[in-house]
Amino acid sequence: MSNEQIIWDQALIEKYNYSGPRYTSYPTALEFHEAFTPAEFDMACAQYPERNLSLYVHIPFCHKLCYYCGCNKIITRHQHKADQYLDALEQEIRQRSTLLGERTVSQLHWGGGTPTFLTKLQVSRLMGLLREQFTFTPDAEISIEVDPREIELDMLDHLRGEGFNRLSIGVQDFNKEVQKLVNREQDEAFIFAMVERARELGFRSTNLDLIYGLPKQTPDLFAQTLDQVLTMRPGRLSIFNYAHMPTLFAAQRKIKDADLPQANEKLTILQQTIATLTGAGYQFIGMDHFALPEDELAVAQREGILHRNFQGYTTQGDTDLLGLGVSAISMIGNCYAQNQKELKQYYASVDEKREALWKGVSLDADDLLRREVIKSLICNFHLDKTAIEQQFDIDFDSYFAEDIELLQTFINDDLVEVSDTAIDVALKGRLLIRNICMCFDKYLRHRARQQQFSRVI
């Protein structure tokens with residue numbers, strides 16, 4: 001693969017830098033509604049019994065509040081709260097396994113909050129329960145998000161012993177002033193030691209998360225953080241854009257607007273980051289993700305078989321995803337479903353019904369077709385029209401006449417190429433992939449609700 005994976009065109013980026021969905025699903029979570037019933041969920045579980053299962057477990061607790069965070073989390077120092085949570089989770093897991101326990105699990109991810117808030121004993125309890133209720137493939141991908149501040153190095157040994165083989169470590173930024181302003185001070189020597197330890201223990205890959213757009217960040221300072229990160233050479237990197245929405249997230253009110261980098265500075269940070277990482281041999285996967293060429297994500301993208309779900313990019317697209325825990329989202333059969341978002345409601349629901357379904361949406365034939373189109377473009381920057389026509393028994397150009405019209409401005413700007421058999425995203429269109437996908441989003445057309453989304457860059 002040539003080093004030229006992406007072309008930065010400042011004028012076009014400025015032209016198209018408006019708000020849009022991240023398309024971890026289509027339809028997006030905005031279409032979920034509370035009229036969705038447990039019966040619809042149960043039916044979806046029976047729809048594709050041959051599919052493997054991907055499990056997502058949400059652990060909402062954190063020891064400290066990071067001011068930038070928009071995740072569903074609970075800040076506490078009380079470890080017994082996790083015991084109470086695991087009691088409820090156990091009820092939900094047992095109930096869900098009656099529907100899906102026959103399936104084989106090929107992927108498991110613990111997210112949060114901070115999953116490593118759990119003690120070793122609590123980690124083993126939850127892992128033991130999952131293995132008791134579900135059958136895992138021998139090579140299952142088992143990953144966990146880690147906060148490097150409140151953890152002993154030997155927790156990695158414990159996780160490895162429990163079968164975890166992938167880590168995602170939240171770094172955000174190595175600059176001390178930036179860390180102070182977002183209330184996330186951490187020791188970089190310890191992060192280096194963790195990455196090294198994970199290698200020794202045989203973790204398949206380590207992902208590091210960084211955030212750009214935080215207070216007092218400048219292109220020069222962020223470049224220094226990147227240099228430190230590159231000495232660790234993680235298999236994957238996620239470089240997220242900080243979306244400052246203090247009206248939505250109370251913690252963000254502790255961040256002063258005056259401290260935030262200007263829009264043009266943020267773009268410079270992103271431009272430099274992409275140039276640095278692709279120059280260092282990383283493959284640009286899309287939006288905010290990079291991987292070494294030998295990493296599974298990079299290989300899957302080159303082979304045109306990368307997928308995307310609520311956890312982001314994945315190599316396992318033909319699985320059903322079951323979300324467990326507060327606020328967790330499932331993607332099962334032809335439906336999406338989300339659990340109760342507030343812990344109190346989650347507990348009450350599990351107590352009463354042994355499950356915590358809050359809302360969801362069933363996909364119709366048009367949703368399934370558009371989901372496939374959007375997924376193809378966002379994951380692989382390429383769409384095979386002929387394959388879509390055969391799979392869905394349609395004539396692409398006439399079915400998507402209105403969409404192709406909306407795409408015209410991208411075609412005129414040489415961001416997208418449309419032929420009789422394919423749609424290809426040009427190198428300078430890759431950063432604007434969300435905008436390109438929006439052309440195929442029927443729901444956006446029905447109501448221009450752009451303000452609910454973060455800017456695409």
Side-chain angles (χ1 to χ4, degrees), residues 1-17 20 22-24 168 205-213 219 222-223 225-227 229-241 266-308 312-315 317 373-384 407 410-411 413-419 422-438 455-457:
M1 182 160 188
S2 76
N3 197 18
E4 188 149 282
Q5 307 164 37
I6 191 164
I7 294 174
W8 185 279
D9 187 315
Q10 187 76 19
L12 289 174
I13 282 166
E14 286 173 13
K15 172 177 174 177
Y16 290 108
N17 192 14
R22 297 181 62 80
Y23 292 116
T24 48
S168 190
S205 92
T206 300
N207 173 75
L208 298 186
D209 286 339
L210 303 175
I211 298 179
Y212 71 98
F222 198 71
T225 284
L226 274 186
D227 286 345
V229 164
L230 285 174
T231 60
M232 292 185 263
R233 208 152 176 82
R236 297 176 187 176
L237 276 164
S238 308
I239 319 277
F240 294 109
N241 171 11
K266 272 180 85 166
L267 281 181
T268 304
I269 293 174
L270 179 63
Q271 183 179 11
Q272 281 185 3
T273 298
I274 293 169
T276 302
L277 294 179
T278 53
Y282 282 83
Q283 185 171 320
F284 175 73
I285 301 294
M287 298 203 296
D288 26 43
H289 284 70
F290 299 81
L292 288 174
E294 63 274 16
D295 186 274
E296 285 172 25
L297 283 188
V299 174
Q301 186 175 57
R302 291 198 300 274
E303 291 173 358
I305 52 170
L306 189 64
H307 293 274
R308 197 162 161 71
Y313 295 99
T314 173
T315 53
V373 167
I374 286 171
K375 186 173 78 177
S376 218
L377 288 169
I378 207 163
C379 291
N380 304 308
F381 302 122
H382 167 82
L383 174 83
D384 181 340
L407 207 54
F410 296 94
I411 298 168
D413 283 331
D414 298 326
L415 298 171
V416 176
E417 235 175 275
V418 180
S419 70
I423 296 177
D424 284 287
V425 180
L427 292 178
K428 63 178 180 182
R430 291 187 170 191
L431 268 182
L432 298 164
I433 190 63
R434 284 161 73 177
N435 311 66
I436 291 162
C437 290
M438 283 157 75
R455 276 175 176 261
V456 298
I457 289 181

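Worth knowing before you read on, the calculation uses all heavy atoms, side chains too, and leaves out hydrogens, waters and symmetry mates.
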Supply the atom-to-atom distance [X] [atom1] to [Y] [atom2], rounded to the nearest 0.5 angstrom.
X    : Y    : atom1 : atom2 : result
C437 : L407 : SG    : CG    : 9.5 Å
F381 : D424 : CZ    : CG    : 11.5 Å
R434 : I378 : CZ    : CD1   : 7.5 Å
L277 : I6   : CG    : CD1   : 11.0 Å
T231 : D227 : OG1   : CG    : 8.5 Å
N17  : L12  : CG    : CG    : 12.0 Å

With heavy-atom distances below 4.5 Å as the criterion, would you say the side chains of [X] and [Y] are in contact?
X    : Y    : result
F410 : E417 : no
F284 : R430 : yes
H382 : Q301 : no
W8   : L267 : yes
S238 : N207 : yes
Y282 : L237 : yes
I305 : T315 : no

Step through the shown structure and confirm whether more than 12 heavy atoms of other residues, nucleotides or ligands are within 6.0 Å of CD on Q10.
yes
Do you know which two heavy atoms are closest between [X] and [Y], and how far apart they sit?
X    : Y    : answer
L383 : S376 : CD1-CB, 3.6 Å
S168 : D209 : OG-OD2, 3.8 Å
D295 : S205 : OD2-CB, 4.0 Å
A300 : N380 : O-OD1, 4.3 Å

Pair L270, N241 - check side chain to side chain contact (heavy atoms under 4.5 Å, CB included), show working.
CA-CA 9 Å; L270 179 63; N241 171 11; over 6 Å; no
Between I436 and I423, is a side chain to side chain contact (heavy atoms under 4.5 Å, CB included) present by the stated rule, with each step listed?
CA-CA 11 Å; I436 291 162; I423 296 177; 5.9 Å; no
What orientation do H289 and F240 show, parallel under 30°, tilted 30 to 60°, or perpendicular over 60°?
perpendicular
For D288, give me all partners under salt bridge (charged side-chain N to carboxylate O under 4.0 Å, His left out), at least two apart in sequence or on another chain.
R22
Quick check against the 3.5 Å criterion: does [X] have a side-chain atom that pairs as donor or acceptor with the backbone of [Y]?
X    : Y    : value
D413 : L415 : no
D9   : K428 : no
R308 : Y23  : yes

Using the test side-chain contact (heavy atoms from CB on, under 4.5 Å), find all partners of A298 that sit at least two apart in sequence or belong to another chain.
Q283, I285, A291, R302
Given the rule in the side chain to side chain contact (heavy atoms under 4.5 Å, CB included) test, do I274 and L431 qualify, once you have shown the distances and angles that lead to the verdict?
CA-CA 10 Å; I274 293 169; L431 268 182; 3.7 Å; yes
